[in-house]
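Remarks on the structure that follows.
For this chain, numbers begin at 1 and follow the sequence in order. Predicted model, so just to flag it, every value in this text is computed and none were measured. One-based numbering, in listed order, for ligands and for the atoms of each.
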Amino acid sequence: LVTRSDFLHALEHDIKPAFGTAEDILNQYVARGIINWGPPVTHILEDGSLFAQQARATDTSGLVSVLIEGPPNSGKTALAAQIAKNSDFPFVKVCSPEEMVGFTETAKCLSIRKIFDDAYRSTLSCILVDNIERLLDYGPIGPRYSNLTLQALLVLLKKEPPPGKKLLVVCTSSRRQVLEEMEMLSAFTTVLHVPNLSKAEHLLNVLEASAVFTNAELKQITHQVHGKRIFIGIKKLLALIDMARQTDERMRVIKLITKLEEDGALEDPGMA
Ligand code: ATP
Ligand code: MG
């Protein structure tokens, strides 16, 4: 039988804290840097900086919470981590479903609660809550989710830190609609949308930055995607570029185009 005190003991002694500076912790989530593929990237980072500034300001409330939402693979986690990095808040904690695999609802709530309690002790704290719907065990069939965890998060998202303390919470989700139905959206100071890449120039910016293709190949790709509908998340695109990188030079361009088509990222405008 595992009791609550066993759990608290484990939390205190067995679960290793993530050592390192705030920057070290956050860098893991920006594994491949941030490529400025288009205006949406600039806007999200600019807005993120403004809200981080607001969190820091002494004359405002001590709490700012930002939701970064967008389709799967659009780069939400990396942008959230970059915003947290840019905020330069010295205390950073990450609350992610990966670290709570196999936790009971109660353990999850306690663990989330502890992250916030730790944050309240520092003057300037930033918490990254990654993939909220997974944290809530949301499943589209049913649909079902952990109401206990939802209530815990809602309380924490609305709770002002103690006087003099400042808290910036950056959350990510690819299920804006679901959070809306759970009445969670209104708990955030602001919601920032991360779109997929949708223009040839977006695609070309990433291909250029990757330095995998020659200028002649880039021209060939420009020609091949001309007039097509483009729709792909940055994470997916980077994976396809990696695949092309491993491919024989003579086949690189055709491999990339074929993969984009297979993934539905490249379509004739006539197709739905
Ligand atoms: P998931 O839906 O699986 O949670 P995600 O939307 O959170 O995915 P990330 O895990 O953030 O996507 O992956 C984005 C990857 O792309 C990261 O490795 C990041 O370093 C890289 N990247 C490069 N440029 C950008 C950019 N402009 N915005 C976001 N990520 C970028
Ligand atoms: Mg993510």
Side-chain angles (χ1 to χ4, degrees), residues 18 22-49 51-52 65-87 92-101 112 126-140 145 153 169-179 184 188 191-213 230-245 256 259-260 263-265:
E23 200 174 342
D24 290 340
I25 295 167
L26 292 168
N27 275 339
Q28 303 167 16
Y29 297 90
V30 202
R32 315 200 43 178
I34 300 287
I35 299 165
N36 195 348
W37 54 259
V41 179
T42 321
H43 291 151
I44 292 162
L45 291 176
E46 276 175 6
D47 285 357
S49 288
F51 284 102
S65 55
V66 180
L67 174 66
I68 310 285
E69 62 85 17
N73 301 312
S74 58
K76 304 171 299 293
T77 303
L79 286 169
Q82 188 63 44
I83 288 169
K85 262 177 79 174
N86 293 347
S87 78
V92 169
K93 277 273 171 163
V94 178
C95 178
S96 86
E98 281 80 20
E99 279 153 36
M100 298 186 196
V101 172
I112 295 170
C126 177
I127 302 176
L128 173 62
V129 183
D130 197 24
N131 210 331
I132 291 192
E133 68 276 12
R134 280 250 316 275
L135 205 60
L136 301 179
D137 285 318
Y138 171 79
Y145 61 91
L153 253 184
V169 186
V170 189
C171 305
T172 77
S173 173
S174 35
R175 293 281 192 161
R176 184 197 168 114
Q177 189 61 42
V178 170
L179 297 197
M184 195 174 216
F188 293 99
V191 180
L192 303 178
H193 176 67
V194 185
N196 274 345
L197 287 80
S198 59
K199 292 187 172 154
E201 62 196 78
H202 299 160
L203 182 71
L204 264 293
N205 285 338
V206 179
L207 294 176
E208 265 170 38
S210 72
V212 169
F213 301 95
I230 292 166
F231 198 67
I232 189 168
I234 182 74
K235 188 159 103 181
K236 196 67 185 277
L237 178 58
L238 290 176
L240 296 187
I241 292 173
D242 276 346
M243 194 176 282
R245 198 195 301 268
L256 179 77
K259 280 287 162 193
L260 285 169
D263 281 322

Return each pair, listed once, that meets salt bridge (Lys or Arg N to Asp or Glu O under 4.0 Å) where at least one residue sits in residues 29-48; pairs must be two or more places apart or across chains.
-> R32-D242
Apply the test side-chain contact (heavy atoms from CB on, under 4.5 Å) to residues I44 and I83: give CA-CA distance (whole Å), side-chain angles for both, the deciding distance (0.1 Å), then the verdict.
-> CA-CA 9 Å; I44 292 162; I83 288 169; 4.2 Å; yes
What lies under 2.8 Å from the Mg ion (ligand 2), restricted to protein N/O/S atoms, is T77 OG1
Heavy-atom pair with the smallest gap, counting every atom of S74 and G70 = OG-C, 3.7 Å
Tabulate distances under 3.5 Å between N/O atoms of ligand 1 and N/O atoms of the protein, writing both atom names on each line.
unit_1, atom_1, unit_2, atom_2, d
ligand 1, 2 (O), N73, N, 2.9
ligand 1, 2 (O), K76, NZ, 2.9
ligand 1, 3 (O), K235, NZ, 2.7
ligand 1, 6 (O), S74, N, 3.1
ligand 1, 6 (O), G75, N, 2.8
ligand 1, 6 (O), K76, N, 2.9
ligand 1, 6 (O), K76, NZ, 2.6
ligand 1, 7 (O), T77, N, 3.0
ligand 1, 7 (O), T77, OG1, 2.8
ligand 1, 8 (O), K235, NZ, 3.1
ligand 1, 11 (O), T77, N, 3.3
ligand 1, 11 (O), A78, N, 2.7
ligand 1, 12 (O), G75, N, 3.3
ligand 1, 20 (O), R32, N, 2.9
ligand 1, 20 (O), G33, N, 3.2
ligand 1, 20 (O), G33, O, 2.7
ligand 1, 22 (N), G33, O, 3.1
ligand 1, 24 (N), I35, N, 2.7
ligand 1, 27 (N), I35, O, 2.7

Which pairs would a plain distance check flag for residues 200-208, meaning a side-chain donor or acceptor within less than 3.5 Å of a matching protein atom at least two apart in sequence or in another chain?
unit_1, atom_1, unit_2, atom_2, d
H202, ND1, S198, N, 3.1
H202, ND1, K199, N, 3.2
N205, ND2, W37, O, 3.0
N205, ND2, E201, O, 3.2

Under 6.0 Å from the NZ atom of K85, do we count more than 12 heavy atoms belonging to anything else shown?
-> yes
The reported gap from CG in L256 to CZ in R245 (rounded to nearest 0.5 angstrom) is 11.5 Å
Salt bridge between E69 and R176, side-chain N to carboxylate O under 4.0 Å?
-> yes
To the nearest 0.5 Å, what is the distance between OG1 (T42) and CD1 (I34)?
-> 11.0 Å
Here the gap from E23 atom CD to Q28 atom CD, rounded to the nearest 0.5 Å, amounts to 12.0 Å
